[in-house]
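Single-structure report; data block below.
Numbers here simply count residues along the sequence, with the first being 1.
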Amino acid sequence: MRHSYATHLIEAGVDLIEVQKILGHRSILTTAKYTHLTANTDENARQAINELMNGFAIDWGNVK
């Protein structure tokens, strides 16, 4: 249940540090073990990265 709960919190946009506090972990590494990458999270990450990168004007060989 804790694994699903942590994963759903992350997918809902809750910061990993906040999830750490909610679960009562001392180490962020322990909290990270409770979260899992789902297809939804994977797609959201891809979209965010693509949006960020689309803001850069790159000319291969030279950076504008």
Side-chain angles (χ1 to χ4, degrees):
M1 292 289 280
R2 289 174 64 89
H3 292 271
S4 295
Y5 182 59
T7 299
H8 288 300
L9 288 173
I10 295 295
E11 286 185 341
V14 178
D15 185 73
L16 189 60
I17 301 295
E18 291 302 317
V19 175
Q20 177 187 8
K21 292 176 187 175
I22 292 167
L23 295 178
H25 295 150
R26 289 184 185 175
S27 171
I28 195 71
L29 296 176
T30 303
T31 306
K33 290 178 187 177
Y34 274 85
T35 61
H36 302 282
L37 182 64
T38 64
N40 184 36
T41 305
D42 184 45
E43 182 57 30
N44 289 342
R46 288 177 196 271
Q47 287 178 357
I49 291 167
N50 285 334
E51 288 175 17
L52 176 66
M53 294 309 293
N54 286 339
F56 293 103
I58 297 176
D59 179 18
W60 295 106
N62 299 313
V63 177
K64 293 182 179 179

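- The CG atom of N54 lies 8.0 Å from the CD atom of E51; values are rounded to the nearest 0.5 Å.
- The NZ atom of K33 sits 5.5 Å away from the OG1 atom of T30 when rounded to the nearest 0.5 Å.
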Taking distance alone, no hydrogens or angles, what donor-acceptor pairs closer than 3.5 Å link side-chain atoms of residues 13-25 to residues at least two apart or in another chain?
from	atom 1	to	atom 2	distance (Å)
D15	OD2	I17	N	3.0
E18	OE2	K21	NZ	3.4
Q20	NE2	H25	O	3.3
Q20	NE2	R26	O	3.0
H25	ND1	T31	N	3.4
H25	ND1	T31	OG1	2.8
H25	NE2	R2	NH2	3.2

